[in-house]
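Take a look at the structure set out below.
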Amino acid sequence: MVHRPVRIVAGLAALVLAVAACSSSATTAPTAAPVTAAPVTAAPVTAAPATAAPVTAAPVTAAPATAAPAAMNATMIPKQINNPYFDVAYKGAQKAATDLGGTVTQVGPSAADATQQVPFIQTATTQGASAIIISADDATAVAPALQAAMGAGIKVVGYDSSPAVGAYNVFVNQADTAGIGKGLVQMACDLAPSCTGEIAVLSASQTATNQNAWIAAMQETMKDPKYKGLVWDGVVYGNDDPQVSTQQAQALLQAHPNLKVIVAPTTVGIVAAAQVVKQAGKTGKVFVTGLGTPKGMAEYVKGGQAPEFALWNVTDLGYLAYAVAQDLVNGTITGKEGETFTVKGLNNDQPYTIGKDSVVILGPPFVFNKDNIDKYVAEFGF
Amino acid sequence: MAVDVRAGQARGGVVGQVLGTIGRSRELTLVALMIVLALAVTTQAPQFLSESNLTQVTTLAAIIAIASVGEALVIITKNVDLSVESMVGLVAFVVADILRQHMLPMPAAWVAGALIGLALGMVNGTIIGFFRVPSIVATLGTLSIFRGLVFFIAGGKQMDLADLPPGYSDPASQTVLGIPMFVIVGFVVVVIVATVMRYTRFGRRTYAVGSNVEAATILGVRSRLHVFAALSICGLLAGVAGVLWGMEFGTIYATSASGISLQIIAGAVVGGVSIAGGTGTVVGAALGALFLALVNNALLVLLLPQELLQAVYGLVILVAVSADAVIQRRQQRRATREYSL
Amino acid sequence: MSAQGLPGAAPTIDQDGPATSRIGVGRRLAGLMRWEVLLLGILVALILVGTSLSKVFLSGANFANLTSAIGEVAIMALPMTLIIITGEIDLSVESMAGLAGAVLGWLWAAGVPLQIGIPMVLCVGIMGGLLNGLLVSRAALPSLVVTLGTLALFRGLANVVLGPRAISDFPSWFTGFGFGNVPGTSIPWTLAVFAVLAIVFVAVTHRTWLGRWVFATGKNKDASRYSGIRVDRVKLVLFAISGLIAALAGVLLAARFSSARADNGTGLTLTVVTIVVLGGVDINGGKGTIIGVILAAAVLAVLQSALRLSGISSEYQGVAVGLLLIVSVIAPQIARQTRTLLVRAAMGRHSPAGPNAPGEVVGR
């Protein structure tokens with residue numbers, strides 16, 4: 001028995017060596033392969049004249065631009081799979097793939113965790129996807145992997161939640177941060193009687209990039225004298241977990257007896273808060289608003305706990321992200337500030353303009369209320 | 001030595017006796033702690049003891065407490081069930097799905113949920129009781145497998161109140177004589193299981209299996225069967241908790257109830273159910289779950305900085321179990337002394 | 001192996017006692033059925049399946065991906081193995097990794113260079129481990145309960161230290177260490193660290209008196225104490241090492257994700273325990289090998305990579321691992337029972353039927 005572990009060590013070592021040896025010979029392959037796909041910047045030739053204008057002469061590479069639209073295969077990596085929000089965005093991307101050509105596959109972790117997103121990026125890179133469309137769970141955690149992907153010639157499009165600047169070609173933002181901040185405060189103002197009273201925020205996790213930016217924008221908006229009647233009670237964190245969100249919402253009601261509005265800029269939190277208000281019998285005294293899904297909130301819009309809330313068109317977000325990815329792969333756009341492009345069926349067929357930090361904004365968010373909620377439950381299906 | 005004991009008894013008089021009694025019973029200790037906690041917190045946040053706050057906190061705590069009771073049975077047999085959270089999540093989702101598709105009327109769907117829990121528990125019971133796989137290993141496996149089943153069934157769907165029959169979540173806010181419905185359910189569960197454990201041969205033998213399996217086997221106890229039964233009942237109660245979970249939150253995801261196993265086990269352990277098996281009561285487990293829920297709520301209502309919450313909560317668990325160990329050891333020592341007299 | 005004299009090393013066939021040890025055939029069969037050999041077989045099979053699934057499976061880039069994805073977890077599995085062999089468990093490792101990352105980020109943001117920050121963070125790991133160890137060995141509390149508490153406590157402290165911030169402006173040499181490979185190879189630095197640690201752990205566990213003490217403690221605490229082994233000291237040291245290694249894993253995580261956040265590493269403990277158990281370490285203590293655990297980590301890494309490459313989503317990866325875990329324990333049991341029957345038939349006598357002990361939780 002004494003020597004058995006030794007034998008196994010030897011075996012294992014041999015195996016590792018074998019794999020490493022295989023790999024050292026193979027290392028050149030994956031890096032070399034995308035080279036042919038990389039110089040898509042040379043493709044402006046095929047670009048539509050209207051949109052080619054801002055593209056400055058791209059470094060012409062000798063390699064032929066073989067990236068035909070049919071070869072487009074995109075990998076979509078949401079923060080979490082089997083999450084209705086991301087599934088609807090994926091449906092939008094699939095619709096775009098059908099309309100515009102190419103394929104898109106969604107892969108990703110089953111729990112929202114940055115540490116789990118990286119392996120999926122790396123796998124897509126190894127497999128030689130033409131584009132990665134990603135909602136970054138942590139802006140910096142995914143950056144090195146995305147930069148490696150870009151280095152291998154893969155186009156990276158962010159959607160929903162941005163990777164760090166420099167780790168994507170274009171970020172498709174659902175709505176601009178300031179706009180969402182203003183919208184949230186305005187809805188709170190609508191709901192609080194004569195725009196006066198205490199408001200509190202139920203957010204996702206303390207480190208959630210989007211939520212933190214929106215909350216900062218809300219505080220900025222609150223400086224407007226228009227909202228001087230609103231009193232800021234602070235922010236609590238429900239970690240996008242129904243149980244924790246519920247406990248936090250319950251405690252908010254107790255700790256601030258004069259609370260008028262709970263603003264929850266997260267789809268999990270807003271439902272939990274509305275359910276708490278309903279169960280506590282505070283309907284009509286405390287209102288809930290924020291960002292939510294139409295189907296999840298329908299009951300509470302009608303029940304009076306959350307008379308209005310907002311969300312952008314998630315289908316369109318996925319559609320636009322795919323369209324942008326394809327334009328990048330085709331070389332129609334490069335992601336430079338000031339470039340414009342049109343996507344048929346979106347933005348009233350008007351051109352989108354790439355802004356600072358290569359960000360494209362989808363458009364203003366929708367506000368849902370009891371007049372339109374049924375229509376959008378049917379349209380979004382989530 | 002004899003002097004020690006007498007001095008101890010003489011010192012406090014009536015107060016000493018009362019404190020001694022409380023100290024000896026984990027259940028009374030917890031009740032006393034909860035009263036102290038309530039009084040202390042109320043001076044800072046009077047609304048802590050308000051009816052609306054207590055209603056809300058106990059409703060949520062009742063769900064965890066029911067699962068803790070099942071977990072307590074398993075721990076008493078010197079096993080552990082890490083898969084409860086997946087069973088709760090699976091049952092919550094399936095019951096909602098049954099109702100969404102109008103396959104069963106509401107009460108029948110509730111019963112179906114409990115039975116699904118029982119079936120899952122029996123899977124655990126078979127693997128652990130009859131195939132003798134260590135419970136940590138087995139339930140670590142079924143934790144993922146049951147969760148995978150939810151994902152398979154859910155396939156990206158999410159159950160919202162809009163999908164479900166009207167009145168689905170109403171029991172969560174109903175009260176009888178001012179007592180929340182869920183608390184009554186929890187109370188009934190605790191009374192039934194506690195009675196079985198205390199007054200029946202089955203209960204006593206379950207304790208016997210947990211405290212000394214060899215001795216129990218020699219005395220003719222079918223230990224495998226008791227382990228199987230404990231895990232099955234744990235599944236059943238997880239099923240009940242799952243039915244309530246869906247009603248409480250109204251929205252059910254494929255990941256619902258992720259991560260609550262540790263809360264459930266912590267409830268049982270703080271309630272005095274020893275990980276070493278053979279000791280502890282289900283009443284204690286339920287009170288332990290309630291105690292942790294109250295602590296959590298107190299921290300939130302006191303408006304402590306959000307960053308501090310988890311640290312304080314962890315500290316409370318650590319102090320609770322450490323204090324218990326110290327008390328137990330002192331009692332043991334006292335018992336030994338009394339014997340040696 | 002050095003645990004000689006202590007029967008068996010894994011949930012293998014040869015733990016059954018007298019009936020087997022007298023029979024040559026049985027012993028040889030036991031040798032063949034050793035858990036590690038089985039794991040090696042599974043590993044090779046998975047590599048073959050993976051290769052047939054995707055042509056990039058055996059590429060250097062994929063090798064780097066699959067090993068770096070599991071690096072920190074595998075590193076934490078090494079001390080966890082020893083702790084489980086002594087009959088204890090440490091559930092707090094994921095939070096210690098998070099706390100270490102948070103403290104490192106906080107120090108860096110406060111202007112402390114990493115060359116000083118990293119050793120300080122490792123000290124934090126040792127201190128956290130000592131806290132666990134003292135409560136387990138001196139206060140004689142069950143480790144499952146203690147580390148359940150410190151699981152929440154350490155994570156809470158990470159929140160206190162860093163709050164909602166994410167520190168991400170680490171220097172490139174540091175992030176390169178987390179993300180890059182050893183120059184000229186496809187071996188990620190994380191794997192290199194793991195390899196070095198693994199060699200040390202194999203040597204210490206299976207070749208030194210310390211390793212023997214660990215096995216003896218897990219096998220029979222009281223007998224060990226009477227024979228002069230300082231059981232409490234062994235446990236204290238192991239928990240301190242576990243804290244140290246968890247802190248190291250936290251530093252590596254922060255490097256690999258170029259980001260220190262209070263929630264780094266959440267949920268990793270279950271994977272760590274899964275690897276250890278899959279590696280054939282008896283959760284009741286006393287038996288197990290580091291080699292088995294290393295192989296189990298490799299199996300898990302290859303399995304995850306194969307499933308990812310074939311586009312199977314991650315919750316089904318969990319199912320695969322869960323099934324592997326249960327089957328891996330049941331299969332040898334069935335094999336053992338069948339063999340016992342055969343042996344009985346051959347011997348023409350009843351082997352002493354042991355009591356049917358239910359699976360035990362780690363005791364004190």
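Chain letters run A, B, ... following the sequence lines, proteins first and then strands; every chain starts at 1. Scope of the values below: all heavy atoms of this structure, side chains included, with no hydrogens, waters or symmetry mates.
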- Query: Roughly how far, to the nearest 0.5 Å, is OG1 of B:Thr142 from CG of B:Asp81?
  - Reply: 6.5 Å
- Task: Return yes if some donor-acceptor pair links the side-chain N/O of A:Gln254 with the main-chain N/O of B:Phe48 below 3.5 Å, else return no.
- Result: no
- Note on the structure: So, the part of A:Val236 with a heavy atom under 4.5 Å from chain B: the answer is both
- Which of A:Val271, A:Thr283, A:Leu191, A:Ile270 passes side-chain contact (heavy atoms from CB on, under 4.5 Å) with A:Val288? Answer is A:Ile270
- Message: Does either side chain, that of A:Asp160 or that of A:Tyr85, offer a donor lying less than 3.5 Å from an acceptor on the other one?
- Response: yes
- Could you grab the distance from atom CZ of B:Phe93 to atom CE of B:Met159, nearest 0.5 Å is fine? 3.5 Å
- Item | Contacting moiety of A:Gln279, where chain B heavy atoms sit under 4.5 Å | both
- Query: Which answer fits A:Ala272, side chain, backbone, both or neither, if we ask what part of it has an atom under 4.5 Å from a heavy atom of chain B?
  - Reply: neither
- Side chain from CB out, backbone as N, CA, C, O: work out which of these in B:Leu303 comes under 4.5 Å of a heavy atom of chain A, or both, or neither. side chain
- Query: Contact part of A:Lys282 toward chain B, heavy-atom cut-off under 4.5 Å: side chain, backbone, both or neither?
  - Reply: neither
- Task: Under 4.5 Å heavy-atom distance to chain A, tell me which part of B:Leu302 shows up: side chain, backbone, both or neither.
- Result: neither
- A:Gln206, part contacting chain B, at a heavy-atom distance under 4.5 Å: side chain
- Query: Tell me, side chain or backbone of A:Val235 under 4.5 Å from chain B's heavy atoms, or both, or neither?
  - Reply: backbone
- Under 4.5 Å from any heavy atom of chain A - which part of B:Glu51: neither
- Task: Identify which of A:Glu299, A:Gln243, A:Lys302 forms the greatest number of heavy-atom pairs closer than 4.5 Å to chain B.
- Result: A:Gln243
- Task: Apply the test side chain to side chain contact (heavy atoms under 4.5 Å, CB included) to residues B:Ser68 and B:Ile64: give CA-CA distance (whole Å), side-chain angles for both, the deciding distance (0.1 Å), then the verdict.
- Result: CA-CA 6 Å; B:Ser68 285; B:Ile64 302 288; 4.2 Å; yes
- Message: With a 3.5 Å distance limit and no angle check, can you tell me whether A:Thr266 reaches the backbone of A:Ala204 through a side-chain donor-acceptor pair?
- Response: no
- Residue pair A:Gln248, A:Asn239: steps toward the side chain to side chain donor-acceptor pair (under 3.5 Å) verdict: CA-CA 10 Å; A:Gln248 290 279 17; A:Asn239 294 341; over 6 Å; no
- Query: Any chance the side chains of A:Asp138 and A:Thr140 put a donor and an acceptor closer than 3.5 Å?
  - Reply: yes
- What part of B:Thr255 gets closer than 4.5 Å to chain A, counting heavy atoms only: side chain, backbone, both or neither? side chain
- Pick one of side chain, backbone, both or neither for A:Leu252, based on which atoms fall under 4.5 Å of a heavy atom in chain B. neither
- Honestly, the part of B:Ile63 sitting under 4.5 Å from a heavy atom of chain A is neither
- Query: At a heavy-atom separation under 4.5 Å, does B:Gln174 approach chain A through its side chain, its backbone, both, or neither?
  - Reply: neither
- Query: Can you tell which of B:Asn296, B:Val301, B:Leu299, B:Leu161 has the highest number of heavy-atom pairs within less than 4.5 Å of chain A?
  - Reply: B:Leu161
- Which bit of B:Phe249 is near chain A, if near means a heavy-atom gap under 4.5 Å: side chain, backbone, both or neither? both
- Query: Has the side chain of A:Asn372 got a donor or acceptor atom that lies under 3.5 Å from a matching backbone atom of A:Asn369?
  - Reply: yes
- Message: With chain B as the partner, which of A:Pro242, A:Ala298, A:Gly234 has the greatest number of non-hydrogen pairs under 4.5 Å?
- Response: A:Pro242
- Item | Part of B:Leu164 lying under 4.5 Å from any heavy atom of chain A | neither
- Are side-chain N/O atoms of A:Gln275 and A:Tyr300 paired as donor and acceptor at under 3.5 Å? yes
- Query: Any idea how A:Phe368 and A:Tyr376 line up, ring-wise: parallel (<30°), tilted (30 to 60°), or perpendicular (>60°)?
  - Reply: perpendicular
- Query: Which region of A:Phe86, side chain (C-beta onward) or backbone (N, CA, C, O), has a non-hydrogen atom less than 4.5 Å from a non-hydrogen atom of chain B, or is it both or neither?
  - Reply: neither
